[in-house]
Amino acid sequence: MAKKTTVYDIAKELNITVSTVSRALNNISTISESTRKAVLETAARLNYRPNKIASSLTSGKTYTIGVLIPSAQIQFFASVIHALELSLKSFGYSILLYQTNESLTSEKNGITTLLEAQVDGIIASMSLETKDPSHFEKVKEEGKPLIIFDRTHDDLQCPMVKIDDLRAGYIATKHLLDEGYRKIAYITTKHKIKIFKERYEGYLRALQEAGLTANPGYTILGELNVEGGYTGTHELLKLRERPDAIIGGDDYVALGIIKALHDKNITPPQIGVIGFANQNFSEHIIPSLSTIDQQALKIGTACAKMFLKINEQPIAIRTEQKPVVIEPLLLARESTNRRNR
């Protein structure tokens, strides 16, 4: 086995002290640019790799951040991770990803796993099964920064990053009203998650402002996936008075809605359809899907900035950070474009 290059080898090669090599590798300002350049070039030539374990024992930091998400298959979360990693990389941080697959048990195990990996903090979005977020308190108890994004919870006191979900539900409904739809249905998750409740409240507010009363039969609670949208739409189409537009709890639900409508030879915008999240497929299906963009890249960047900020703060004042609330963005496409037909 080839001998691993150490800082001692670099120091010997350049005839300088080990402490000078260490300061140059850590970009300490007291080191001259010529020395720093020589150290970096020699380190690259000798294939030097820093010992992160040894460094963490000295500094108390691993420069690794745990990221806990429901699923990387959902484009929104993949985009958040992309922006998060891009923002943190220049500060020397890498991320350790754990997917819960919407399971509370897996979420609890994920927190334990990430803490055992000695991450410097955790950035998380909760699973659909999470009603009681008390297991996240373990992160705070260990003195590590905790940031919750997207799926937040009122019972958890920590910095949060999210879109204005009430406004997201409102502008989705207002868009349908502006297109002339009046009998607007809503298919969403049966799980009591704050962001989905707030979007539904936005839906009710927009109807109320338009002088309309929400029809209880137009609200379907089910699974937050294609099948949920598909079965929910077939239920709605059995009603004596069918809706003329349907809001999906996310773009996957909306995809199921369109699939069910096609079964009945109905093509949006004959019945309008809008979703949330702006998944990659949304603009490419026929008809293209109107949706609310959740600003994933902005959320990821904001999470990174928040971590870098609170990581330098005393533990006692971390919870005093105001939530970062980002404006949702309406993307109107063919599935609701009734006025131009």
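Worth saying up front: this structure is predicted, and the values here are computed from it rather than measured.
Within the structure, the salt bridge (charged side-chain N to carboxylate O under 4.0 Å, His left out) test picks out the following pairs touching residues 215-235 (sequence neighbours left out): Lys190-Glu223.
Grouping the Ile, Leu, Val, Met, Phe, Trp and Tyr side chains by contacts below 4.5 angstrom, directly or via other members, places Leu68 apart from Leu84. Cluster annotation: Leu224 and Ile220 are assigned to the same hydrophobic cluster (Ile/Leu/Val/Met/Phe/Trp/Tyr, side-chain heavy-atom contacts under 4.5 Å, transitive). No continuous path of ILVMFWY side-chain contacts below 4.5 Å connects Ile122 to Leu97, so the two sit in separate hydrophobic clusters.
Listed here is the closest heavy atom pair of Glu33 and Arg36: OE2-NH2, 2.9 Å. Scanning all heavy atoms of the two residues, the minimum distance from Ser125 to Asp150 falls at OG-CB, 3.8 Å. Here the shortest heavy-atom pairing between Leu289 and Ile285 reads CB-CD1, 4.0 Å. In plain terms, the two heavy atoms of Leu237 and Lys264 that are nearest each other are CD1-CG, 3.6 Å. For Cys303 against Phe149, the heavy-atom pair with the smallest separation is SG-CB, 3.6 Å. Gly232 and Ile187 make their closest contact through C-CD1, 3.7 Å (heavy atoms, listed as atom of the first residue, atom of the second, distance).
Between Leu128 and Arg151, some side-chain heavy-atom pair lies under the 4.5 Å cut-off. Residues Asn47 and Arg49 form a side-chain contact, since some pair of their non-hydrogen atoms from C-beta on lies under 4.5 Å apart.
Between the side chain of Thr301 and the backbone N or O of Lys298 there is no donor-acceptor pair closer than 3.5 Å. With hydrogens and angles disregarded, no donor-acceptor distance shorter than 3.5 Å links the side chain of Asn101 to the backbone of Ser103.
Using cut-offs of 30° and 60° on the angle between ring planes, the pair Phe307 and Tyr93 is perpendicular. By the 30° and 60° cut-offs, the orientation of the rings of Phe276 relative to Tyr186 is tilted.
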Could you walk me through whether Asn337 and Glu179 pass side-chain contact (heavy atoms from CB on, under 4.5 Å), step by step? CA-CA 7 Å; Asn337 189 7; Glu179 289 291 329; 4.3 Å; yes
TODO: In sequence, state the C-alpha distance, the side-chain angles, and the governing distance for Glu141 and Lys138, and then conclude on salt bridge (charged side-chain N to carboxylate O under 4.0 Å, His left out).
DONE: CA-CA 5 Å; Glu141 288 167 3; Lys138 290 169 59 179; over 6 Å; no
**OP:** List the steps, then state whether salt bridge (charged side-chain N to carboxylate O under 4.0 Å, His left out) holds for Glu201 with Lys194.
**Re:** CA-CA 10 Å; Glu201 288 171 13; Lys194 182 181 178 183; over 6 Å; no
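Between the CD atom of Glu129 and the NE2 atom of His191 there is a distance of 6.5 Å, given to the nearest 0.5 Å. How far CZ of Arg205 is from NZ of Lys174: 14.0 Å, rounded to the nearest 0.5 Å. Note that the CD1 atom of Ile271 and the OG atom of Ser335 stand 12.0 Å from one another [nearest 0.5 Å].
Between the side chains of Thr219 and Tyr200, at least one donor N or O sits under 3.5 Å from an acceptor N or O. No side-chain donor from either of Tyr98 and Asn109 sits under 3.5 Å from a side-chain acceptor of the other. For the 3.5 Å distance criterion, the side chains of His135 and Glu107 qualify, holding a donor opposite an acceptor.
A side-chain contact (heavy atoms from CB on, under 4.5 Å) with Ile65 is found for exactly one of Ile123, Leu114, Ile147, namely Ile123. The side-chain contact (heavy atoms from CB on, under 4.5 Å) with Leu329 is formed by just one residue from the set Asn278, Ile171, Asp293; it is Asp293.
The ring of Tyr203 has its center no closer than 6.0 angstrom to the ring center of Tyr170. Here Tyr63 and Phe91 keep their ring centres 6.0 angstrom or further from each other.
Atom CD of Gln208 is surrounded by 12 or fewer heavy atoms from other residues, nucleotides or ligands within 6.0 Å. The number of heavy atoms from other shown groups lying within 6.0 Å of CZ (Arg23) is above 12. Counting heavy atoms of neighbouring residues, nucleotides and ligands inside a 6.0 Å radius, atom NZ of Lys144 exceeds 12 of them. Crowding of His82 atom NE2: a count of heavy atoms from other residues, nucleotides or ligands under 6.0 Å not exceeding 12.
Look at Asp165 and Arg199 and you find a salt bridge, because one of the NZ, NE, NH1 or NH2 atoms lies within 4.0 Å of a carboxylate O, short of that distance.
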